[in-house]
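First the structure, in the form of structure tokens, and then the observations on it.
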Amino acid sequence: MQAILALEDGRLFRGKAFGSQVERVGEVVFNTSLTGYQEIFTDPSYAGQIVILTNPHIGNYGTSPSDAEASRPYIEGLVVREFSPVSSNWRSTEVADEYLERNGVPVIAEIDTRAVVRHLRANGVMRGVISTAVEDTDALVAKARAHKKMDGTDLASVVSTKSSYTWDSTEPRNETGDFLLPSDSGAVGQMHVVAYDFGIKQNILRMLSRENCRVTVVPAKTSAAEVLALEPDGIFFSNGPGDPEPLEYAQQNIRDLQGKKPLFGICLGHQLFGLALGGKTYKLKFGHHGGNHPIKNLETGKVEITAQNHNFNVDPKSLPDDVAVTHINLNDDTLAGLKHKTDPMFSVQYHPEASPGPHDSHYLFRDFRKMMEEWKK
């Protein structure tokens, strides 16, 4: 069956339909990762987005429950060059085509993804539609233009857990498929971490557990008072989709918790830290999505290769004097990490828990553990 990708500016790309035969609308972004496509499918930060994968061969190694970052895919649709109808991997339990069809995700393949990516790099991310209604192109373009923009949209509360729960790393469904990740970092003495779920990835919870932390996950709108009542040793603010500015409830919670407990934020959590501390955020032209972004740690001088997935960024010029910039993105010199100069809180604009990798930034979870230990003393 034929399929079409229609962008809001009228650009059309025709290809072959895979996955679920449904029509989906979303913001179209591209990801440059060479592997880890199932982790991308299931990352809640992609809620509301159609994802183009620049690696030409997708689906080769199928899917596995231990590779999922959430209980289901969150992408609106998938755009690829070649989509494998079979899988070759002893860990695979389901081919990617069947997996996405079962979860209601449409796929358009056999198109020139390089042309789509170059178009988005030149013109910026835009809304689009994946559909099998290949003849009604004017209606599809109009549908893309009518779709609500990501700017000003609170998606974190939509994808967040509806009730609190305790993460159990011993459950088979929570075990990692990454055999390069040790089960225990050697940390002595258990710490209690409360993690705000704005679209939290499973590997973040695994990494916290690896640092011998007992993790309680709470909904996005849980108040600071409720979190403090749980008597945590530290509080984590997760990744998530959408614009950070509308999340005023989360920004206020950060202000209410600042200085009372050690705080650590990743991605959306980092953006919320910037806003809560008095800074401003802005939308990038086409975002940072991929597993090969070089980040410089300004405190150590070391460069780490990182995985990233975000469309918004904190403006370093807007931050007050009591906030220090700790990391920068070497591709475009954008802010990639910050910390408060006196209060125990820090955040990064990338994914140190990245699965399947890279693993260069695992040290940040150890830093969070050390911060909690120092605070406890």
Side-chain angles (χ1 to χ4, degrees), residues 5 18-20 24 26-84 87 89 91-109 113 116-117 120 125 128 130 150 155 159 176-178 198-204 206 238-242 266-268 286-293 305-311 349-359:
L5 170 66
F18 289 88
S20 180
R24 288 288 183 268
E27 184 178 66
V28 184
V29 299
F30 60 88
N31 186 299
T32 58
S33 295
L34 297 180
T35 186
Y37 55 75
Q38 187 181 352
E39 289 87 341
I40 294 169
F41 299 165
T42 55
D43 182 352
S45 296
Y46 280 115
Q49 294 181 319
I50 294 170
V51 178
I52 305 165
L53 296 178
T54 60
N55 193 43
H57 303 285
I58 299 300
N60 303 43
Y61 55 84
T63 64
S64 169
S66 61
D67 288 344
E69 291 287 4
S71 59
R72 65 173 179 86
Y74 277 87
I75 59 172
E76 293 296 325
L78 180 67
V79 182
V80 299
R81 178 67 185 90
E82 291 187 29
F83 196 58
S84 177
S87 62
N89 176 10
R91 293 174 61 245
S92 176
T93 58
E94 189 175 17
V95 298
D97 188 25
E98 293 174 356
Y99 176 76
L100 292 177
E101 181 181 16
R102 178 169 58 83
N103 286 282
V105 179
V107 181
I108 179 171
T113 50
V116 189
V117 170
L120 295 179
V125 296
I130 292 180
M150 191 73 72
L155 289 174
V159 303
T176 178
D178 185 353
F198 302 121
I200 199 164
K201 295 168 68 177
Q202 300 295 290
N203 216 45
I204 288 174
R206 295 188 189 107
S238 84
N239 61 291
I266 285 177
C267 221
L268 180 66
F286 45 81
H288 296 158
H289 310 277
N292 56 352
H293 289 255
I305 302 303
T306 70
Q308 302 199 10
N309 172 27
H310 59 100
N311 276 355
Q349 183 62 91
Y350 51 93
H351 286 277
E353 86 294 339
S355 178
H359 297 162

Gap separating the CG atom of Leu100 from the OH atom of Tyr37, nearest 0.5 angstrom: 9.5 Å
query: In a check of side-chain contact (heavy atoms from CB on, under 4.5 Å) between Phe83 and each of Leu53, Ile58, Asn60, which one passes?
result: Ile58
query: With sequence neighbours excluded, what pairs up with Thr35 under the side chain to side chain donor-acceptor pair (under 3.5 Å) test?
result: Tyr61
- prompt: Is His289 close to Val51 at the side-chain level, that is, under 4.5 Å between some pair of heavy atoms?
  reply: no
query: Do any N or O atoms from the side chain of Gln202 and from the backbone of Ala68 form a donor-acceptor pair under 3.5 angstrom?
result: no
- prompt: What is the minimum heavy-atom distance between Glu69 and Asn203, and which atoms define it?
  reply: OE1-N, 3.0 Å
- request: Could you tell me which non-hydrogen atom of Gly240 sits nearest to which non-hydrogen atom of Ser45, and how far apart they are?
  value: N-OG, 3.4 Å
field: Side-chain heavy-atom pair Pro352, Ile266 within 4.5 angstrom cut-off
entry: yes
Nearest heavy atoms of Gln308 and Tyr350, plus distance in Å: CG-CB, 3.6 Å
query: Using the ring of each side chain (for Trp, its six-membered ring), is His288 parallel, tilted or perpendicular to His310, with breaks at 30° and 60°?
result: perpendicular
message: Using 0.5 Å steps for rounding, measure from the CG atom of Leu78 to the CD1 atom of Ile130.
response: 7.0 Å
message: I need the Ile52 CD1 to Ile108 CD1 distance, nearest 0.5 Å.
response: 10.0 Å
- prompt: Can you name the nearest heavy-atom pair linking Gly290 to Thr32, along with the distance?
  reply: CA-OG1, 3.5 Å
query: Quick check: does any side chain N or O of Ser238 sit under 3.5 Å from a backbone N or O of Phe198, one acting as donor and the other as acceptor?
result: yes
- prompt: So, does Asn31 use its side chain to make a donor-acceptor pair with the main chain of Ser33 at under 3.5 Å?
  reply: yes
- prompt: How close do Ser87 and Ser92 get, heavy atom to heavy atom, and via which atoms?
  reply: OG-OG, 3.2 Å
query: Who passes ring-ring contact (aromatic ring centres under 6.0 Å, His included) against His351, sequence neighbours left out?
result: none
From Tyr46 atom OH to Asn239 atom CG, the distance as rounded to the nearest 0.5 Å: 11.0 Å
field: Over all atoms of both residues, closest heavy-atom pair of Pro358 and Ala307
entry: CD-N, 4.0 Å
query: Among side-chain atoms of Ser66 and Arg91, is any donor-acceptor pair under 3.5 angstrom?
result: yes
task: Drop me the distance from Arg24's CZ to Ile75's CD1, to the nearest 0.5 angstrom.
output: 11.0 Å
- prompt: So, do Val159 and Tyr74 sit near enough that their side-chain heavy atoms are less than 4.5 Å apart?
  reply: yes
query: Heavy atoms, side chains only, cut-off 4.5 Å: are Lys201 and Glu39 in contact?
result: no
field: Separation between OG1 of Thr93 and CD of Glu98, rounded to the nearest 0.5 Å
entry: 10.0 Å
- prompt: Taking side chain as C-beta onward, heavy atoms only, is Val107 less than 4.5 Å from Asp97?
  reply: no
query: Any chance the side chains of Asn309 and Asp43 put a donor and an acceptor closer than 3.5 Å?
result: yes
- prompt: Distance-only, no hydrogens or angles: does the Thr113 side chain make a donor-acceptor pair with backbone N or O of Thr54 under 3.5 Å?
  reply: no
